[in-house]
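Values reported hereafter were calculated over all heavy atoms of this structure, with side chains retained and with hydrogens, waters and symmetry mates removed. Chain A is the first sequence line, chain B the second, and so forth, proteins listed ahead of strands; every chain is numbered from 1.
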Protein chains: 2
Amino acid sequence: MSRRVSESTIRRLSYYLRALEALEGSGAATVSSEELAERGGTTAAQVRKDLSQFGSFGKRGLGYAVKELECTLRRILGLHVRWRVALVGAGRIGSALFEYPNFAQRGFDCVAVLDADPAKVGSRWGPILIRPVSELERTVRELEADLVILAVPPEAAQDLAERAVGAGARGILNFAAVQLRVPRGIPVKDVNLVFEMEALSFAITQADSHA
Amino acid sequence: MSRRVSESTIRRLSYYLRALEALEGSGAATVSSEELAERGGTTAAQVRKDLSQFGSFGKRGLGYAVKELECTLRRILGLHVRWRVALVGAGRIGSALFEYPNFAQRGFDCVAVLDADPAKVGSRWGPILIRPVSELERTVRELEADLVILAVPPEAAQDLAERAVGAGARGILNFAAVQLRVPRGIPVKDVNLVFEMEALSFAITQADSHA
DNA sequence: TCCTGTGAAACGGTTCACAGCC
DNA sequence: GGCTGTGAACCGTTTCACAGGA
């Protein structure tokens, strides 16, 4: 239960969980690694390897119990508790995230929104009052935010990350196009749409020059 | 020049490019693999390996010429041409993307926006008229969109992807939480914020249970 | 028979270490 | 001396193939 688990495994676990949720809706009680693989975009052997890192959840000859496995995956991913999220940056991306219904549905509660723009500070997003970024530390500490989302310009990201972690944040979702340096043990996930677009651009260009 | 290049290499190339852009601003003419590694969050050896897959761009004893390497990377990534993008889904995420200034700056021009909601169809986003999704094929074909961004509910994504590709789209940026099945040779990049958040949740939970 | 769980083999990516050029 | 370019070693991940339980 305490081995090193790869990033790719974790991503696939999320896919499996989505697949199981869909399956439960359709009433299936049991599912094979084959079917899970199909929906998760991988292979049956990979599904079994992934799951076997955490235990033996299937029945040979039968497959996996949908509801049970779903529950197990939630627990493995740490989704049996709710997470408190502070959103830094009330711009376009911030507001899209804030209104994203799946977010709360999946166990992530936005408990605070902060912004550097004095024009935004003090206004409300639903029940949430927008605070100045100067209050980042206090906000994280007092509201006990576990996770911080940085939807800010790249110049500001490093400083805000350090302050957030100093105040007790335990993980960061980073939308800024910089490689953040944070203390060991603080996970950082980067989301960068330009990078993804550039990867598409590369793949297409490559395919062309190869043809 | 025609080897199989890994996803991780491409992602790092994007980071290197950002680093070079920043360096150019600061006036440095030359840069070592060491420094590039620092900014890209990797190692010097990795930088050299990554670059060596495409040619020899450095001078031994000296390093890499900033401007030249920047230009080379742009060309490798296929960013020497502009890309035509059709955005499907004019919701929160769609609008955030649409207004994202870096997007156009990096060579991606949004040439069309489509939505399934009749209330949105016909309204304007700046110069762009929102079209009904029923016109997806015609839009992609007539406006010669290379890339399609799917910011739509998961149920709709697979169908739209197939239709977009059928009409000539060459790559897809997918915000829906489903594994799209597309013809061989069509790159798909998935962006899923919930997955990233779940990865954070997992990492923190894991760290706790390990302590 | 069916399908899981898992060692072993194959593969691919990263790190090392050094030869080669400035 | 400094720093790149690169084969070789290393290491983690995926695939294979099959033993074993339902």
Side-chain angles (χ1 to χ4, degrees), chain A residues 1-16 19-20 23 28-70 72-73 76 179 199 202-203 206, chain B residues 1-16 19-20 23 28-70 72-73 76 179 199 202-203 206:
Chain A
M1 197 80 172
S2 58
R3 268 197 48 233
R4 173 107 192 99
V5 180
S6 78
E7 292 291 311
S8 24
T9 297
I10 301 163
R11 169 166 273 247
R12 286 191 302 262
L13 292 185
S14 288
Y15 269 112
Y16 303 154
L20 288 166
L23 273 165
T30 194
V31 63
S32 69
S33 55
E34 184 84 39
E35 190 170 352
L36 226 36
E38 175 112 354
R39 291 173 178 255
T42 179
T43 66
Q46 185 73 77
V47 171
R48 298 200 297 275
K49 254 279 145 69
D50 285 338
L51 295 177
S52 76
Q53 292 184 57
F54 302 97
S56 297
F57 309 120
K59 298 245 184 298
R60 295 174 194 223
L62 264 153
Y64 301 88
V66 172
K67 202 150 192 181
E68 199 183 302
L69 185 58
E70 191 184 327
T72 305
L73 282 183
I76 290 171
Q179 192 72 24
F202 173 83
Q206 195 76 347
Chain B
M1 197 79 173
S2 60
R3 267 198 50 234
R4 173 108 192 94
V5 180
S6 77
E7 291 292 310
S8 23
T9 295
I10 300 163
R11 169 167 274 246
R12 286 191 302 262
L13 292 185
S14 288
Y15 268 111
Y16 303 153
L20 288 166
L23 274 165
T30 193
V31 63
S32 67
S33 54
E34 184 83 39
E35 191 170 352
L36 226 36
E38 175 111 354
R39 292 172 177 255
T42 180
T43 67
Q46 185 73 75
V47 171
R48 298 200 297 275
K49 253 281 144 73
D50 286 338
L51 296 177
S52 76
Q53 292 184 58
F54 302 96
S56 296
F57 310 119
K59 298 246 182 299
R60 297 174 192 222
L62 265 154
Y64 302 88
V66 171
K67 202 150 190 180
E68 199 183 303
L69 185 58
E70 191 184 327
T72 305
L73 283 183
I76 291 171
Q179 192 71 28
F202 174 82
Q206 196 75 346

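Q46(B) has no side-chain polar atom (N or O) that falls below the 4.0 Å cut-off from OP1 or OP2 of dG13(C). A close approach under 4.0 Å does not occur between any side-chain nitrogen or oxygen of T42(B) and OP1 or OP2 of dT14(C). OP1 or OP2 of dA17(D) has not a single side-chain nitrogen or oxygen of R48(A) nearer than 4.0 Å. For dG2(D), neither phosphate oxygen OP1 nor OP2 lies less than 4.0 angstrom from any side-chain nitrogen or oxygen of S32(B). Residue Y64(B) has a polar side-chain atom (N or O) positioned under 4.0 Å from OP1 or OP2 of dG5(D). Contact annotation: S33(B) does not reach the phosphate of dC3(D) (side-chain N/O to OP1 or OP2, under 4.0 Å).
Atom-to-atom, CD of E35(A) to C1' of dC2(C) comes out at 15 Å; the value is rounded to the nearest Å. If you take CZ of R4(A) and P of dT14(C), they are 14 Å apart, rounded to a whole angstrom. Protein atom CZ of R11(B) is 16 Å distant from nucleotide atom P of dG13(C), rounded to whole Å. Protein atom CG of L69(A) is 16 Å distant from nucleotide atom P of dC3(C), rounded to whole Å. Rounded to a whole Å, the CG atom of L62(B) is 11 Å from the P atom of dG5(D). Look at CD on E38(A): it is 14 Å from P on dC3(C), rounded to the nearest Å. As a whole-Å value, the separation of E7(A) CD from dT14(C) P is 13 Å. The nearest whole Å value for the distance from the CD atom in E34(A) to the P atom in dC16(D) is 13 Å.
Within 4.0 Å (heavy atoms only), T9(A) reaches no atom of the nucleic acid at all.
Counting distance only, with no hydrogens placed and no angle test, the side-chain atoms of K59(A) and the base atoms of dG5(C) include no donor-acceptor pair under 3.5 Å.
Each of G61(A) and G58(A) has a nearest nucleotide on DNA chain C; the 5'-most of these lies closest to G61(A). Taking for each of F57(A) and K49(B) the nucleotide of DNA chain C with the nearest heavy atom, the 5'-most of the two is the partner of F57(A).
Within the model, atoms CD of E38(B) and OG1 of T43(B) stand 12.0 Å from one another, a figure rounded to the nearest 0.5 Å. In this structure, CZ on F202(A) lies 9.0 Å from CD on E7(B), to the nearest 0.5 angstrom.
Among S33(A), S56(A), S32(A), the single residue meeting the side chain to side chain donor-acceptor pair (under 3.5 Å) criterion with R48(A) is S33(A).
Closest to the side chain of R60(A), out of dG13(C), dT6(C), dG20(D), is dG20(D). Here dT14(D) is the nucleotide among dT15(C), dT14(D), dG5(C) with the atom lying nearest to any side-chain atom of R12(A).
Y16(A) places a side-chain heavy atom less than 4.5 Å from the side chain of D50(A).
When all heavy atoms of A44(B) and A37(B) are compared, the pair lying nearest together is N-CB, 3.4 Å.
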